[in-house]
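Read through the structure below, which is laid out as structure tokens, and then see the notes.
In what follows, chains are A, B, ... by sequence order, proteins preceding strands, each numbered from 1.
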There are 2 protein chains.
Amino acid sequence: MSDLLERLRGRGWRMTAQRRVVAEVLNGEHVHLTADEVHARAVAKLPEISRATVYNTLGELVTLGEVLEVSTDKRAKRYDPNAHRPHHHLVCARCGAIRDVHPTGNPLADLPDSERFGFTVSDVEMTYRGLCPNCASA
Amino acid sequence: MSDLLERLRGRGWRMTAQRRVVAEVLNGEHVHLTADEVHARAVAKLPEISRATVYNTLGELVTLGEVLEVSTDKRAKRYDPNAHRPHHHLVCARCGAIRDVHPTGNPLADLPDSERFGFTVSDVEMTYRGLCPNCASA
DNA sequence: GCTTGACTTAGACAAAGTCCATTGTAGGAT
DNA sequence: ATCCTACAATGGACTTTGTCTAAGTCAAGC
Ligand SMILES: [Mn+2]
Ligand SMILES: [Mn+2]
Ligand SMILES: [Zn+2]
Ligand SMILES: [Zn+2]
């Protein structure tokens, strides 16, 4: 996504082949890859790219707010390039498929003061779970 | 919690010292311990208990539905004995403190059909984030 | 084209969790 | 009370996920 690359250059990033490849891999809708998956796909395009660089680049992208870290399952973190439109996730309990969803309503308003324990609440993250069409029919 | 031990015995569990200790450790309100924390506290009561046994027992308790697995941070899973009253979590972004919360409203109803992608949606998990009173004042 | 500091690399290290062969024991049978 | 045995516990090897570092490389400004 040259959009992203443009923004990164604007932030003073050196444009290396490795960073370009990671940005390319993280492109599309409903993309939620683990670091290892990103690495595997990056290696397909640039065989000598190292695991450390993938982790570094992902970490930098997260710090810059260009990519989100998502932990829908309890295994590896997943990296989500859809950072500019707030959304939640719908996860298949069997196969792990993940879709971006946009529920209506304001869940922050649904947490009464008596349930806030004096916290300053700023954000809520929702994970819907169920079965995808494939897994439901099997 | 002899309640829990009673139920486990009813399910045909052998009552070993190790299982008793793990059940004891997982007792109280707003308890969300990692496996290692459970192990550390178990060792204090029964020095020879092994890590593998703690993991095994926690896994069995989760399978039986007596304990919930929670992943509020992106590190280790946490084990939650409050499995019999549905609830969500409020997490301090700085210190990691976790409270059980009970939002009003029905988040499942807030996911329109057009946002379900053909999934059979059965459950939703909400994680509120913010700062606890301590961390907010610091 | 140099230069230089930012970037990449391989591999060591660490944390969280799983697996397995062996040893131990809870609890029913005698 | 003792025996038996299927179930449970153990320690350690192994895997997965992620971090760190020292040494080498190269993007980009001059
Ligand atoms: Mn997403
Ligand atoms: Mn809880
Ligand atoms: Zn599925
Ligand atoms: Zn705090």
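In this view, B:Arg19 and B:Glu60 satisfy the salt bridge (Lys or Arg N to Asp or Glu O under 4.0 Å) rule, not counting sequence neighbours. In this structure A:Arg78 satisfies the side-chain hydrogen bond (donor to acceptor under 3.5 Å, both in side chains) test together with A:Glu37, sequence neighbours excluded. Under the salt bridge (Lys or Arg N to Asp or Glu O under 4.0 Å) criterion, A:Arg85 pairs with no residue, sequence neighbours left out. Here B:Glu66 pairs with B:Arg7, B:Arg11, B:His84 under the side-chain hydrogen bond (donor to acceptor under 3.5 Å, both in side chains) rule; sequence neighbours left out. A:Ser50 meets the side-chain hydrogen bond (donor to acceptor under 3.5 Å, both in side chains) test with A:Thr53; sequence neighbours excluded. Taking the salt bridge (Lys or Arg N to Asp or Glu O under 4.0 Å) definition, one finds that A:Lys45 meets it with A:Glu24, sequence neighbours left out.
Residue B:Val91 belongs to a hydrophobic cluster whose other members are B:Ile98, with links defined by side-chain heavy atoms closer than 4.5 Å.
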Considering only nitrogen or oxygen atoms on both sides, find all protein atoms under 3.5 Å from nucleotides 28-30 of chain C and state each distance.
none

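The list of salt bridge (Lys or Arg N to Asp or Glu O under 4.0 Å) pairs with a residue in residues 123-138 of chain B, not counting sequence neighbours, reads A:Glu125-B:Arg129, A:Arg129-B:Glu125. Applying the ring pair (Phe, Tyr, Trp, His ring centres under 6.0 Å) test to residues at least two apart or on different chains, the pairs with a partner in residues 24-65 of chain A are A:His30-B:Phe117, A:His32-A:His89.
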Return a single string for nucleotides 15-26 of chain D, one symbol per nucleotide in 5' to 3' order, where B is base contact, S is sugar-phosphate-only contact and - is none, cutoff 4.0 angstrom on heavy atoms.
--SBBB-----B

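Consecutive pairing runs in DNA chain C reach the stem threshold at C:1-30 with D:1-30, where a stem means at least three Watson-Crick or G-U wobble pairs with distances under 3.5 Å.
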